[in-house]
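Sequence lines set the chain letters: A, B, ... in the order given, protein chains first and strands last, and positions in each chain run from 1. Computed over heavy atoms, backbone and side chain alike; hydrogens, waters and symmetry mates excluded.
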Amino acid sequence: MPMKKTPPGKILQILERTYPDAKCTLVYRNPLHLLVATILSAQCTDERVNKVTPGLFRKYRTAEAFARSGQSELEKHIHSLGFYRQKAKSIRACCQSIVDDHGGDVPDRMEDLVKLAGVGRKTANVVLNEAFGEAAIAVDTHVLRTSNRLGWINTREPVKAEFQIMELIPEKWWPRFTMLMIFHGRNCCTARNPNCAACPVARHCPY
DNA sequence: ATCCCGAGGG
DNA sequence: CCCTCTGGAT
């Protein structure tokens, strides 16, 4: 049973009109700051991350500074974000690797990024995209869910989803696609009670 | 009560 | 595939 699927182009246009300023709301764009901020953003909002990062980056300016930081010291800064023990541990180990293996600079290759503690494919793609200007699709739960519902893909595996979506969409659109789908997934095509009545692309959606 | 723009581990 | 990790917003 092939599911009905509308080519992405038109849908992306509609979403672009609906969410014209969907964009990464993390404040920092230099690689180290964005990497740390993205690790911190797991399971909490960007607004909450943006609230602690100014003080955090005033205290720890380099990967070496983070690597040297004390576990409990770092935890205090990020306590309000949740998962603070793992996040602190990840950031310290991650920055130690950046110092040891990359001369203190955040690596700019996926292969190297995903080896860093606390950095998965999603985080790596955010950094590649927003800090290094590389076209990428960061597959989070929203991208995965909305893409499946629209019938563009049929898999729950993020890596498969990433490559299948890349086949479907011109590279130029990859970053916009990511942000639009995340926005759409948050505000309309939610996991539990999707607001299909108000959905701008409901006509094109087999879900 | 319930949910959240993940990653690591069993 | 399942589980855990956490505080805060709603």
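Taking 4.0 Å as the cut-off between side-chain N and carboxylate O, A:E75 and A:K87 do not count as a salt-bridged pair. Between A:E47 and A:K51 there is no salt bridge, since none of the side-chain N atoms of the basic residue sits less than 4.0 Å from a carboxylate O of the acidic one.
At a non-hydrogen distance threshold of 4.0 Å, nothing from residues 176-194 of chain A comes into contact with DNA chain C. Residues of residues 32-41 of chain A having a heavy atom closer than 4.0 Å to DNA chain B: none are found. Heavy-atom distances under 4.0 Å link DNA chain C to A:H79, A:S80 of residues 66-81 of chain A, given in residue order.
Counting only residues at least two apart or on different chains, the ring pair (Phe, Tyr, Trp, His ring centres under 6.0 Å) pairs with a member in residues 47-75 of chain A are A:Y28-A:F57, A:H33-A:F57, A:Y60-A:F66, A:Y60-A:H77. Within the structure, the ring pair (Phe, Tyr, Trp, His ring centres under 6.0 Å) test picks out no pair touching residues 100-125 of chain A (sequence neighbours left out).
Panel note: side chain A:R92, backbone A:S69; a donor-acceptor pair is recorded below 3.5 Å.
Rounded to whole Å, atom C1' of B:dC4 lies 16 Å from atom CG of A:L144. Summarising the geometry, the separation between CD on A:Q43 and C1' on C:dT4 is reported as 11 Å, rounded to the nearest angstrom. Distance CD (A:E47) to C1' (C:dT10): 14 Å, rounded to an integer number of Å. Distance, A:Y84 OH to B:dC4 P: 23 Å, rounded to whole Å. When the C1' atom of C:dC1 is taken as reference, atom CD of A:E157 falls 11 Å away, rounded to whole Å.
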Protein and nucleotides 8-10 of chain B: nitrogen or oxygen contacts under 3.5 angstrom:
from: B:dG8; atom 1: OP1; to: A:G118; atom 2: N; distance (Å): 2.9

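Taking atom C1' on both nucleotides, B:dA7 is separated from C:dA9 by 23 Å, rounded to a whole Å.
Here A:T123 reaches the OP1 or OP2 of B:dA7: one of its side-chain N or O atoms lies under 4.0 Å away.
The listed nucleotides are B:dC5, B:dA7, C:dT6; the one nearest the side chain of A:D46 is B:dC5.
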